[in-house]
Amino acid sequence: MLELSSLQDSPYSISYIKAETNNTIKRRKCMKKSLVFYFGLFLSAAVYSQTDSLSTSLIEDCLVKKNGVYYADLDKETNIYLRFHDGDTVVTTSSVKDIDKASLFVNKDLGKGMLFGRYFTSDRNCSIRVKAKNEFGKVKMDGIISDDKLVLTVVNIEENTARDFVFEFYPLPVKQ
């Protein structure tokens, strides 16, 4: 027969099982904490490295292009055109659908009938605002820059009307 004293220190005693259970629980908690710590460390490093390259690409995506024109469908026969120049100046007009032909006339040198103005951009949220006018009218455009596109709400201040447009970029050939 087994003696009581020999059972108390054996692996089958209640006190021994309780002590081992407590040790196991402590080890699991410690493992969970270290796992959470290492996961957090890995995640923060991964997020930092992605954010660094992401912010660089966002700034590049937030720039308006000046080597061409942006165009959007106005109706069956007409497009709206925007051309950005140095010094935060912009020229806008509506013209025929033929982008090659229209792009020849959308510049600040040929001013007749064009709306001239300024534009303002924010790298923080890729927003853009355009204000342009001529002797016949005024427009204000607000929206966002996304790669080769501008998404703008165009407000005709004289007629008190507004409409949304998606402008595509069309690069112009480099003059030799």
I need the Ile80 CD1 to Phe165 CZ distance, nearest 0.5 Å.
3.5 Å
Can Asp100 and Tyr170 be said to form a side chain to side chain contact (heavy atoms under 4.5 Å, CB included), step by step?
CA-CA 9 Å; Asp100 287 322; Tyr170 181 77; 2.2 Å; yes
Rounded to the nearest 0.5 angstrom, the CE-OG distance for Met114 and Ser94 is 9.5 Å
Checking Ile145, Asp164, Val166, Ile128 against Leu152 for side-chain contact (heavy atoms from CB on, under 4.5 Å), the one that qualifies is Ile128
Between Tyr70 and Asp148, is any side-chain donor less than 3.5 angstrom from a side-chain acceptor?
no
Heavy atoms only: give me the nearest Thr92-Ala132 pair and the separation to one decimal.
CG2-CB, 3.9 Å
Could you tell me the separation between the NZ atom of Lys66 and the CZ atom of Arg83, rounded to the nearest 0.5 Å?
12.0 Å
Side-chain polar contacts of residues 136-144 - donor-acceptor pairs under 3.5 angstrom, sequence neighbours left out - could you list them?
unit_1, atom_1, unit_2, atom_2, d
Asp142, OD1, Arg129, NE, 2.6
Asp142, OD1, Arg129, NH2, 3.3
Asp142, OD2, Arg129, NH2, 3.3

Separation between OG1 of Thr121 and CZ of Phe84, rounded to the nearest 0.5 Å
9.5 Å
Drop me the distance from Glu159's CD to Asn156's CG, to the nearest 0.5 angstrom.
4.0 Å
Please report the interatomic distance NZ(Lys133) to CZ(Arg118), rounded to the nearest 0.5 Å.
12.0 Å
Worked verdict on Val154 versus Arg163 for side chain to side chain contact (heavy atoms under 4.5 Å, CB included):
CA-CA 5 Å; Val154 178; Arg163 191 166 154 201; 5.5 Å; no
May I ask you to test the Asp147-Phe169 pair for a side-chain heavy-atom distance under 4.5 Å?
no
